[in-house]
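Since the model is a prediction, treat every value here as computed from it, not as a measurement.
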Amino acid sequence: LKRMKTFLLDFSAFLDSFSAFLVALRPALTCFLSFITTFFRVIGACFSSQAVTEEEAKEEALFVAGILDGYDISYPVAFRMDSFTYDSARTDSLDAETKTKIVKTFLDTIEEEGYQGVLYGSKDFILTEVLYEKLLEDTEVWLTEEKPVPDYPYHFHMWEYAQAEKIKGINGSIGLTISFVDYAQR
């Protein structure tokens, strides 16, 4: 398999209560994107959502698309819905049907804006937190599973196989992902 040097921008937004923060955040992210696209051949984005309605998911997708506008985004914009181990998330009380609608709304909106969307998640999230049978026919998956061989039973397009790796010259830990699709050639 051909490994690609890919930088995946991971940023979060909580549109419900932090809209003023987002307005302040946009210039910093824009500056960061200008810097990153200078050094990396391919770039994608990963958005950590806290949307609890389809309307919020659409707002989040439009926010992301607005930040990415004007940059050469050759890899997908991933949607992830995080929960927290030692705290609660706004999305914790949502049922699988609601989460599925939120995922679909975000990804549909991102694609309407001209970007490829993917669902990022663990096997457990995809198989238990959303109605995967309603998503997988149309949705590409970026699987996060730290095992030598993933046991996810369906097709996936990207695989984050390590989440806390050290790379010389980079401060902190990074995740390592392999893509089975050369999105830059699509």
Quiz item: Less than 4.0 Å between a side-chain N and a carboxylate O, is that true for Lys58 and Glu54?
Solution: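 No salt bridge links Glu54 with Lys58.
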Any side-chain heavy-atom pair of [X] and [Y] under 4.5 Å:
X	Y	value
Tyr154	Tyr132	yes
Trp142	Cys46	yes
Arg80	Phe106	no
Met158	Pro76	yes

Euclidean distance, [Y] [atom2] relative to [X] [atom1], rounded to 0.5 Å:
X	Y	atom1	atom2	result
Leu143	His155	CG	NE2	11.5 Å
Leu107	Leu135	CG	CG	7.5 Å
Thr100	Met81	OG1	CE	8.5 Å

Provide the closest heavy-atom pair for [X] versus [Y] in the form atom of the first, atom of the second, distance.
X	Y	answer
Ile73	Leu68	CD1-CD2, 3.9 Å
Ile102	Ala51	CD1-O, 3.5 Å
Pro150	Glu145	CA-OE2, 3.5 Å
Tyr183	His157	OH-CB, 3.3 Å
Phe180	Ile178	CZ-CG2, 3.8 Å

Quiz item: Shared ILVMFWY cluster between Val130 and Leu136, side chains joined below 4.5 angstrom?
Solution: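 Result: yes, single cluster for both.
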Practice problem: Determine yes or no for a side-chain-to-main-chain donor-acceptor pair under 3.5 angstrom, with Ser179 supplying the side chain and Asp182 the backbone. | Solution: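 Pair absent, no side-chain N/O of Ser179 close to backbone of Asp182.
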Quiz item: Does the Glu56 side chain pair with the main chain of Val52, one donor and one acceptor, at a distance under 3.5 Å?
Solution: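 Yes; at least one donor-acceptor contact below 3.5 Å.
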Self-check item: With sequence neighbours excluded, residues passing salt bridge (charged side-chain N to carboxylate O under 4.0 Å, His left out) with Glu112
Solution: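 If we apply the salt bridge (charged side-chain N to carboxylate O under 4.0 Å, His left out) test to Glu112, skipping adjacent residues, there are no hits.
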Self-check item: CD (Glu137) with more than 12 external heavy atoms under 6.0 Å
Solution: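 Atom CD in Glu137 is not crowded, with 12 or fewer foreign heavy atoms closer than 6.0 Å.
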Quiz prompt | Glu97, CD atom: more than 12 neighbouring heavy atoms under 6.0 Å | solution =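 Result for CD/Glu97: open.
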Exercise. Test Gln163 against Leu176 for side-chain contact (heavy atoms from CB on, under 4.5 Å), laying out the working first.
Key: CA-CA 6 Å; Gln163 294 181 350; Leu176 299 177; over 6 Å; no
Quiz item: Does the gap between the ring centers of Phe79 and Phe47 come in under 6.0 Å?
Solution: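 Distance test on ring centres: not under 6.0 Å, no.
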Which donor-acceptor pairs under 3.5 Å do side chains of residues 116-127 form with protein atoms, sequence neighbours excluded?
| residue | atom | partner | partner atom | Å |
| --- | --- | --- | --- | --- |
| Gln116 | OE1 | Arg186 | NH1 | 3.4 |
| Tyr120 | OH | Glu160 | OE1 | 2.4 |
| Ser122 | OG | Phe125 | N | 3.0 |
| Lys123 | NZ | Asp151 | OD1 | 3.2 |
| Lys123 | NZ | Asp151 | OD2 | 3.3 |

Practice problem: Let me see the working for Asp108 and Thr105 under side-chain hydrogen bond (donor to acceptor under 3.5 Å, both in side chains), right down to the final yes or no. | Solution: CA-CA 5 Å; Asp108 287 350; Thr105 299; over 6 Å; no
